[in-house]
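Data first, discussion second: the structure below is written as structure tokens.
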Amino acid sequence: MRGGTVTRLPGRLLKRGFFEASPEQVAPRLLGKVLARVTAGGVLVGRIVETEAYLGPHCLPPDPAAHSYRGPTPRNSVLFGPAGHAYVYAIYGRYFCMNISCEVEGQAGCVLLRALEPVAGADEMAVNRGLGSGAASRQTTPATKTYRWGPRKVTSGPSRLCQALGLTRAAHDGLDLLDAKSALQVRDDGYAVDEVLVTPRIGINKMNEAVNWPLRFALAGHPCVSGAKNLTGKRIHLR
DNA sequence: AGGCCGATCCTCT
DNA sequence: GAGGATCGGCCTA
């Protein structure tokens with residue numbers, strides 16, 4: 001079953017060391033792990049099915065697409081702190097995106113969460129998205145390939161997943177994701193990942209070399225990966 | 001099914 | 001003062 005109300009957190013917390021590494025390493029390894037938000041009424045859980053790596057300014061060459069590219073600012077300060085913390089920022093005046101800080105304290109670098117698969121609390125997620133309760137389990141229309149409903153409409157996209165889990169900068173930026181008392185946690189429930197799709201990042205369009213860097217990772221063939229296109233790339237197996 | 005466009009406001013220069 | 005790590009609606013077909 002999927003989407004029912006749950007109060008128990010699945011699996012176990014990840015270790016700090018998991019995130020004290022290059023985002024390029026962390027991003028693919030994060031696939032299959034779960035993001036859990038503890039609310040007053042229960043727990044919203046989504047499996048991470050799509051990520052992107054953003055490299056810190058200490059890297060050579062540095063990553064011009066990263067928010068940390070020009071060094072610490074009030075907004076991105078979490079990125080320069082310890083690993084395993086949430087960096088939530090507002091974009092286009094209406095949306096939020098969520099990242100997880102990587103590297104040791106003092107170095108920036110992060111992983112952007114681009115898509116989840118609802119695991120628990122799917123109905124509440126659908127309501128948070130402004131869709132009807134039950135939208136996550138409602139069938140889509142395969143004939144036209146247009147996803148009017150279904151889990152894809154609920155948590156597929158970096159700002160959609162924030163809306164689904166009710167994540168905001170005010171409430172969640174800077175939270176430690178590896179603390180059992182935290183309202184937002186990343187956990188491992190033993191889900192085994194097979195094939196990983198690797199492509200360039202989405203929305204990085206400026207004329208620089210970083211446009212083509214293969215830093216987007218997704219569970220190959222998973223229906224909740226964002227975008228109907230952008231699915232071409234090499235496929236790898238994690239070692 | 002794919003492309004374009006506007007919304008909307010915060011952040012940094 | 002410019003420009004977003006986006007989204008959804010509307011257009012063409």
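The chains referred to below are lettered A, B, ... by the order of the sequence lines, with proteins before strands, and numbering in each begins at 1. Just so we're clear, the structure is a prediction, and the values are computed from it rather than from any experiment.
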field: Full working for salt bridge (Lys or Arg N to Asp or Glu O under 4.0 Å) between Arg47(A) and Asp189(A)
entry: CA-CA 10 Å; Arg47(A) 189 172 312 286; Asp189(A) 67 350; 3.0 Å; yes
query: If you pin Gly93(A) and Pro158(A) to their nearest nucleotides in DNA chain C, which one's is more 5'?
result: Gly93(A)
Partner nucleotide of dT8(B) by Watson-Crick or wobble geometry (both distances under 3.5 Å): none
field: d(CG, Leu79(A); P, dT11(B)) in whole Å
entry: 14 Å
Spacing between Phe96(A) atom CZ and dC10(B) atom P, to the nearest angstrom: 10 Å
field: Closest to side chain of Ser159(A), choosing from dT11(B), dA5(C), dT6(C)
entry: dT6(C)
- prompt: To the nearest Å, how far apart are Tyr69(A) OH and dA5(C) P?
  reply: 14 Å
- prompt: Rounding to a whole Å, what distance do you find between Leu161(A):CG and dC7(C):C1'?
  reply: 13 Å
message: Check this for me, if you would: do Asp176(A) and Arg16(A) make a salt bridge, where the nitrogen-to-carboxylate-oxygen distance has to be below 4.0 angstrom?
response: yes
Tyr92(A), nearest nucleotide to its side chain (from dT8(B), dC10(B), dC7(C)): dT8(B)
- request: Find the distance Leu55(A):CG to dA5(C):P and express it as a whole number of Å.
  value: 15 Å
- prompt: Is it the case that Arg216(A) and Thr199(A) place a side-chain donor and acceptor less than 3.5 Å from each other?
  reply: yes
field: Phosphate contact (dT6(C) OP1 or OP2) by Arg114(A) side-chain N/O below 4.0 Å
entry: yes
task: Kindly say if Arg129(A) contacts the phosphate of dG8(C), meaning a side-chain N or O under 4.0 Å from OP1 or OP2.
output: yes
- prompt: At under 4.0 Å between heavy atoms, what does Ala90(A) touch on the DNA or RNA strands: base, sugar-phosphate, or nothing?
  reply: nothing
query: When the distance from CZ of Arg94(A) to C1' of dG4(C) is rounded to whole Å, what number comes out?
result: 14 Å
- prompt: Among dT6(C), dT13(B), dG8(C), which is the nearest nucleotide to the side chain of Arg70(A)?
  reply: dT13(B)
message: Whether Arg75(A) engages the ring of Tyr89(A) as a cation-pi pair (distance to the six-membered ring centre under 6.0 angstrom, angle to the ring normal within 45°) should be assessed.
response: yes
field: Lys/Arg N to Asp/Glu carboxylate O, Arg201(A) vs Glu52(A), below 4.0 Å
entry: no
- line: Across every strand shown, the nucleotide meeting Watson-Crick or G-U wobble geometry with dA5(C) (both distances under 3.5 Å) is none
query: With respect to the phosphate group of dC7(C), does any side-chain polar atom (N or O) of Lys153(A) fall under 4.0 Å of OP1 or OP2?
result: no
message: What is the distance, to the nearest angstrom, from the NE2 atom on His67(A) to the C1' atom on dG4(C)?
response: 7 Å
- prompt: Between atom CE in Met98(A) and atom P in dT6(C), what is the gap in whole Å?
  reply: 16 Å
field: Nearest-neighbour nucleotide for the Tyr95(A) side chain, dT11(B), dC7(C), dA5(C) considered
entry: dC7(C)
